[in-house]
Amino acid sequence: MIVFIFTVKTPSSATAAKAKTPQARKRPRERTTLDPQQARIVIVGAGQAGARAAEALRAARHRGPISLIGEEEHPPYERPQLSKAMLIDLEANPALIRQAQEWRDLDVALFTSSRVVAADAQRRVVALANGQELSFDRLLLATGTRVRRLPELDNGPLPVRYLRGIGDALALRRELRPGRRVALVGGGVVGLEVASAATGRGCRVTIIEKAQGLLPQIGSGSLGQYLRQLHSSKGAEIVCGAVVVRTTPCGLELGDGRSIPADIALVGVGVEPVTELAAQLGLESQRGIRVTSTGATTAEGIFAAGDVAEQWSRSHERWMRVENWANAQNQAIATAKSMAGVETAYDAPSWFWSDQYDANVQVVGHPAGGDEIVRGDVGAGRFTAISVRDDEIVGGTTVNAARDMAMLRRLVAARRPVRKSELENPAFELKRLLAA
Ligand SMILES: Cc1cc2nc3c(=O)[nH]c(=O)nc-3n(C[C@H](O)[C@H](O)[C@H](O)COP(=O)(O)OP(=O)(O)OC[C@H]3O[C@@H](n4cnc5c(N)ncnc54)[C@H](O)[C@@H]3O)c2cc1C
């Protein structure tokens with residue numbers, strides 16, 4: 001088999017238009033005599049999920065050809081460090097998941113700078129922007145997310161940046177110079193990590209958040225309180241309950257008429273799933289591509305994993321996309337095994353971490369899903385908040401308490417019955433619940 005790194009230069013709209021129009025609405029069929037181990041597998045999206053799926057397929061002894069297609073110019077890389085080491089350390093290089101040669105060694109055909117513009121479930125082909133078609137027996141959509149933009153800030157007098165890829169991080173790193181005034185629009189993980197890096201680089205930082213507290217998506221009162229205290233203590237201005245309406249030559253204007261002085265703004269207001277191909281394939285994909293616990297979509301032989309996949313969350317009791325590194329990696333690995341013919345369910349509670357200044361924040365499950373019990377000292381920056389619903393731990397957050405988080409992850413997954421009175425007792429050790 002020929003294995004290669006295939007780089008397609010920026011496509012013209014004329015070549016893109018040549019790609020075949022998919023006829024996606026009919027129910028797609030798989031070849032009936034297909035040996036799963038020999039199937040031709042195409043993975044669209046060479047991010048964390050796509051890359052880990054390709055590796056897992058080979059680990060599961062998949063022998064058929066694997067094509068891993070990504071529109072970015074780089075081989076798959078670790079995104080989390082873009083808002084951490086890459087901004088803090090001027091010398092830091094992007095962390096590739098594998099070097100180009102290692103993809104060749106794995107017998108995976110990696111296409112970079114290659115956008116898939118069409119997918120046809122009947123003919124079982126995908127088409128690249130340059131008109132090339134690739135046939136598949138099994139298809140994995142790992143197309144991830146793109147940043148949510150604020151068009152009202154486009155083309156104004158202030159430089160406005162977003163952070164998703166390596167190029168964004170390198171450009172932002174150059175702009176974080178001592179004394180510069182940086183406005184972070186959005187007090188979520190990306191905004192807060194950039195605030196931390198920018199302060200460390202000597203910038204003056206203002207964080208603007210629409211909700212009443214920081215990291216509102218998590219919904220943990222103690223964590224919100226701690227983060228406000230942390231960022232204020234490092235000199236950041238925090239403006240909550242405010243909406244940015246436009247840029248001015250001197251900064252940003254808020255909905256209530258206030259002005260925020262700034263030399264540059266970084267917008268981090270969430271992401272949106274990349275579902276155009278899923279729509280062409282006729283998959284259910286309004287808020288993400290809906291998948292079973294084995295990663296299967298509604299079309300036979302077509303799977304989805306990572307940020308783009310919408311799955312049932314036991315702790316949240318609803319369908320949702322999980323936008324974090326661990327899910328992208330582990331759901332993709334389980335889905336790859338299913339694609340290779342070994343049905344593997346993935347049902348782990350969502351878990352992520354964030355590093356801000358010297359604080360390591362970790363979140364599992366649904367911290368806002370029950371009553372919050374706080375153990376430790378929020379003011380001292382070392383605590384564990386546990387969310388209990390109907391005598392079950394459904395989520396939690398830790399700050400500088402990684403050992404507690406290791407136990408919480410197991411407890412949320414295990415659904416062991418707990419007594420709130422025990423958790424409220426500071427002398428009670430969490431590990432006793434695991435032993436029970
Ligand atoms: C700055 C930043 C910091 C983060 N920090 C953390 C953290 O601390 N902890 C944590 O748990 N998570 C963190 N995350 C989230 C984590 O990185 C993501 O959840 C994870 O990368 C998702 O992986 P994915 O492969 O599902 O999607 P993505 O990483 O979005 O990858 C999808 C890939 O598919 C490509 N693609 C899409 N459509 C096409 C197409 N038609 N043709 C070809 N290619 C296509 C995209 O270009 C992209 O490269 C962070 C994310 C960012 C941006």
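For ligands, and for the atoms within them, numbers begin at 1 and follow the listed sequence.
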Which protein N or O atoms sit under 3.5 Å from any N or O of ligand 1? Give atom names and distances.
unit_1   : atom_1 : unit_2 : atom_2 : d
ligand 1 : 5 (N)  : Lys84  : NZ     : 3.3
ligand 1 : 8 (O)  : Lys84  : NZ     : 2.5
ligand 1 : 8 (O)  : Trp353 : O      : 3.0
ligand 1 : 9 (N)  : Trp353 : O      : 3.1
ligand 1 : 11 (O) : Trp325 : N      : 3.1
ligand 1 : 12 (N) : Trp325 : N      : 3.3
ligand 1 : 19 (O) : Asp307 : OD1    : 2.8
ligand 1 : 19 (O) : Asp307 : OD2    : 3.3
ligand 1 : 19 (O) : Asn324 : N      : 3.2
ligand 1 : 19 (O) : Asn324 : O      : 3.3
ligand 1 : 25 (O) : Gln48  : N      : 3.1
ligand 1 : 25 (O) : Ala49  : N      : 2.8
ligand 1 : 26 (O) : Asp307 : N      : 2.8
ligand 1 : 29 (O) : Arg79  : NE     : 2.7
ligand 1 : 29 (O) : Arg79  : NH2    : 3.2
ligand 1 : 30 (O) : Thr145 : N      : 3.4
ligand 1 : 30 (O) : Arg164 : NH2    : 2.7
ligand 1 : 41 (N) : Val116 : O      : 2.9
ligand 1 : 42 (N) : Val116 : N      : 2.9
ligand 1 : 44 (N) : Glu71  : N      : 3.1
ligand 1 : 47 (O) : Glu71  : OE2    : 3.2
ligand 1 : 49 (O) : Glu72  : OE2    : 2.5
ligand 1 : 49 (O) : Arg79  : NH2    : 3.4

* Asked: Looking at Leu153 and Val267, what are the two nearest heavy atoms and their distance?
  -> CD1-CG2, 4.0 Å
* Asked: Distance only, no hydrogens: is a donor on one side chain within 3.5 Å (strictly under) of an acceptor on the other, for Asp307 and Gln48?
  -> no
* Test item: side-chain donor near acceptor, Glu323 and Thr145, under 3.5 Å -> no
* To do: Let me see the working for Glu72 and Ser113 under side-chain hydrogen bond (donor to acceptor under 3.5 Å, both in side chains), right down to the final yes or no.
  => CA-CA 5 Å; Glu72 294 186 69; Ser113 301; over 6 Å; no
Let me have the donor-acceptor pairs involving side chains of residues 232-243, under 3.5 Å, with sequence neighbours excluded, atom names and distances please.
unit_1 : atom_1 : unit_2 : atom_2 : d
Ser232 : OG     : Arg228 : O      : 2.8
Ser233 : OG     : Gln229 : O      : 3.4
Ser233 : OG     : Leu230 : O      : 2.7

* Salt-bridge criterion met for Arg177 and Glu175 (N-O under 4.0 Å) -> no
